[in-house]
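So the structure is just underneath, and the comments pick up after that.
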Amino acid sequence: MTLELNDVEKSFGEKQVLKGVSFKAEGGKAFGLLGRNGAGKTTSIRIMMNVFSADGGEVLFDGKPINYDEVQFGYLPEERGLYPKKKISEQLVYFAELKGMRHTDAVASVDYWLKRLGMAEYRGKRLDTLSKGNQQKIQLVTALAHDPQVVILDEPFSGLDPVNAMLLKDVVKEIIAKGKIVLFSSHQMNYIEEFCDSIAIINGGKIVLEGDLHTIKRNYPRNRLVVRSVKAADIAKEYKDRCKAGDDGALYITLADPDEKHAVIKKLAESYDIDEIRVFEPSLNDIFVEYTENNI
Amino acid sequence: MKQFWKILKFELKNYFSKKVFIIVTLLLVAVIAAVMFIPRITSLFESDGNADSADAESSAASDVMLVKADAGENAEVIKEYFEAEFPEYKVELTDDDLDGIKAKITDGDAECAFVLTSPTEYTYYVDNLSMYDQNTAVADEALQSIYRINAMTASGMTPEQANEVMNIQITGKTESLGKNQMQNFYYTYIMIFALYFVILLYGQMVTSSVATEKSSRAMELLITSAKPVAMMFGKVISSCIAGLTQLAVVFGSAILFYNINKSYWSQNILIGSIFNIPSGLLVFMLVFFILGFLIYAFLYGAVGSTVSKLEDVNSAVMPLTYMFIFAFIVVMFSMGSGEVDNILMKVCSYIPFTSPMAMFTRIAMSRVPWYEIAASILILTVSTIGIGVLSAKIYRVGVLLYGTPPKFKTILKLIKKS
């Protein structure tokens, strides 16, 4: 099962928001769609779900143009909101039915998910009597209850306490294991790093980086060393402008050539009292900042 | 289609479980019941209350009306006539001078006074001249009669003959070949008013229902769960059903209570005429109500989708409400003037936004050829469907626009694009 955006373009008025966006998400894997505010994430998601039609390009499911009558989406929008004055079970069943479920199935599924998320006791309460985090869990049910093939979660972890975040992680792992396409959109890079096998970074309406997260990291130039030492000052003196002190107290030494790595490590280990020395591996955060820092 | 039914069911349940909806409906039924039972209840008291009413009469006659006439022999005749014409006054002849009479009136000893200076001239004195004071008009007539009878007897007629000439009775019958506007005025008026209130009330409800979904951001989810056309039609048709139900309950209970108390209302021509609605007209009422309701509710829904904050709802629906009020005023004026077939009404009965009220009024109060009715209904039906589809499109682009309400042109551009 794959879901693909192919060269999608979209303008609002004079402003072109998407300038040929392409990426591909696969079933059984989590896909992270990253981008700064206003980069075009939500527009991409809305086009994917047929809220807007694209000006150009296409949405493919399993390689063929998508048929929205057959493919079900579950969506947790970034702007959360349901009917604040309505009973929780009532509106959850309504939303599941809107997605095509039969009434009895909808009731059963809503019950299952409320229990799974530890919300069963709130079934008969009005939504606006719940805390923000709990409202978010209710909203999550609307994305999952109708058992969709594609689940799109926009900032799913914002507003959750650590225990609830853990619960959500388990749920997300469960639905990934069921072979569904899970698409994350988030600014919290640690969660993306934990879940997502592949990512796409969108910037200024274009995909600036896409692929398997491990491969991306592996292909990142391995030309920096992280060094921790009590003699940091001496080392800094020796490497001068090639050396930069990090916020964490470690020294970052940029090598002229990755092949030089072995020689430098050997030299450092012999000359100074070294606590730690390793090749710098960028975090997703670093990669994100690097690719999106300029021009939006 | 399945989504449409789900939405319809959900929205209907919203209406029928609203406390306001239930309370207002029950209150209206209670008021109607009270009004309809009034004659039955008062008749219960009347059977042993005759003495009271006699008392009331005598006290009413205690207001004194002074009459001063110079022509002495005529004074008694005038008094006789005035007593007959002013049963609510105690008519007294007086010889007081003007100041004496004025003093009596200002002191409250007398209510008013006619001071005649000749058989055809008088001055009417009263303390506070009431807005509804008809005494001079009545007195004019009485004096005219006296003058004429005097003139006739002077030229040789006997007083009996003169009286006969004065009181000749004309018998006549009216046969209306078209509609009797006197009879159907009231029920047309009531129906137009019902149409007006229900559309205005429910239109606003549709707007705020859409705007609430938008401001609570439930829209983000709805728009990805259901088709805009299903959303729009589900919402609007459910409000139409709710409005129709409310009307049916109110009118139904009125008819029921009227029939229970029918015998007590037999003397009241007004009430009788209201409940004497031809059933064919009720069918037209239903047709124009449904179509008129839908066309406006669609527009109200579309307007609601362009509003992001509930505070903006009122100003956003203003143009729509004005258009509707315009139609209402045109119809009301035409009804009042009795000229329901004037040019403006004729034009309005083909414009979809005014035809529900204009054409209905013409059908009720005048004779309209069937092809004109058919044309009006056809135009209205086609435009209603067109407006429905258009409003679903506005809804689709409108619901995702936040911030200041967009201009109509912007929306049209967006619709064209999508």
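Chain letters run A, B, ... following the sequence lines, proteins first and then strands; every chain starts at 1. Just so you know, these numbers use all the heavy atoms, side chains as well, and skip hydrogens, waters and symmetry mates.
- A:Tyr83 and B:Phe10 have their aromatic ring centers within a separation under 6.0 angstrom.
- What you find for A:Val51 and B:Arg396 is that their closest heavy atoms are O-NH2, 3.1 Å.
- Interface remark: of the candidates A:Gln139, A:Lys99, A:His146, A:Lys99 forms the most heavy-atom pairs closer than 4.5 Å to chain B.
- Within 6.0 Å of atom NZ in A:Lys169, more than 12 heavy atoms from other residues, nucleotides or ligands are found, so the atom counts as buried in its surroundings.
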Next on the checklist: Is there a side chain to side chain contact (heavy atoms under 4.5 Å, CB included) between B:Ile223 and A:Met49? Walk through the geometry before answering.
Outcome noted: CA-CA 10 Å; B:Ile223 198 79; A:Met49 297 181 68; over 6 Å; no
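- A:Lys85 does not touch chain B: none of its heavy atoms, backbone or side chain, sits under 4.5 Å away.
- Classification of A:Glu78 and B:Arg217 as a salt-bridged pair fails, no side-chain N sitting under 4.0 Å from a carboxylate O.
- Closest of all the heavy-atom pairs between B:Leu221 and A:Tyr75 is CD1-O, 3.4 Å.
- Between B:Lys6 and A:Met101, the closest heavy-atom pair is CE-O, 4.4 Å.
- Of the residues considered (A:Phe95, A:Phe73, A:Tyr68), A:Phe95 shows the highest number of contacts with chain B, using heavy-atom pairs under 4.5 Å.
- Between chain A and the options B:Ser215, B:Ala226, B:Ser225, the largest number of non-hydrogen pairs under 4.5 Å is found for B:Ser225.
- Under a cut-off of 6.0 angstrom, the local environment of NZ in A:Lys86 is crowded, with over 12 non-hydrogen atoms contributed by other residues, nucleotides or ligands.
- Taking the charged nitrogens against the carboxylate oxygens, A:Arg80 and B:Glu220 have no contact shorter than 4.0 Å, which rules out a salt bridge.
- Remark: A:Asn50 CG to B:Thr224 OG1 distance equals 11.0 Å, nearest 0.5 Å.
- Here the shortest heavy-atom pairing between A:Asp69 and B:Lys227 reads OD1-NZ, 4.0 Å.
- Taking 4.5 Å as the limit, some side-chain heavy atom of B:Lys13 sits within range of a side-chain heavy atom of A:Glu90.
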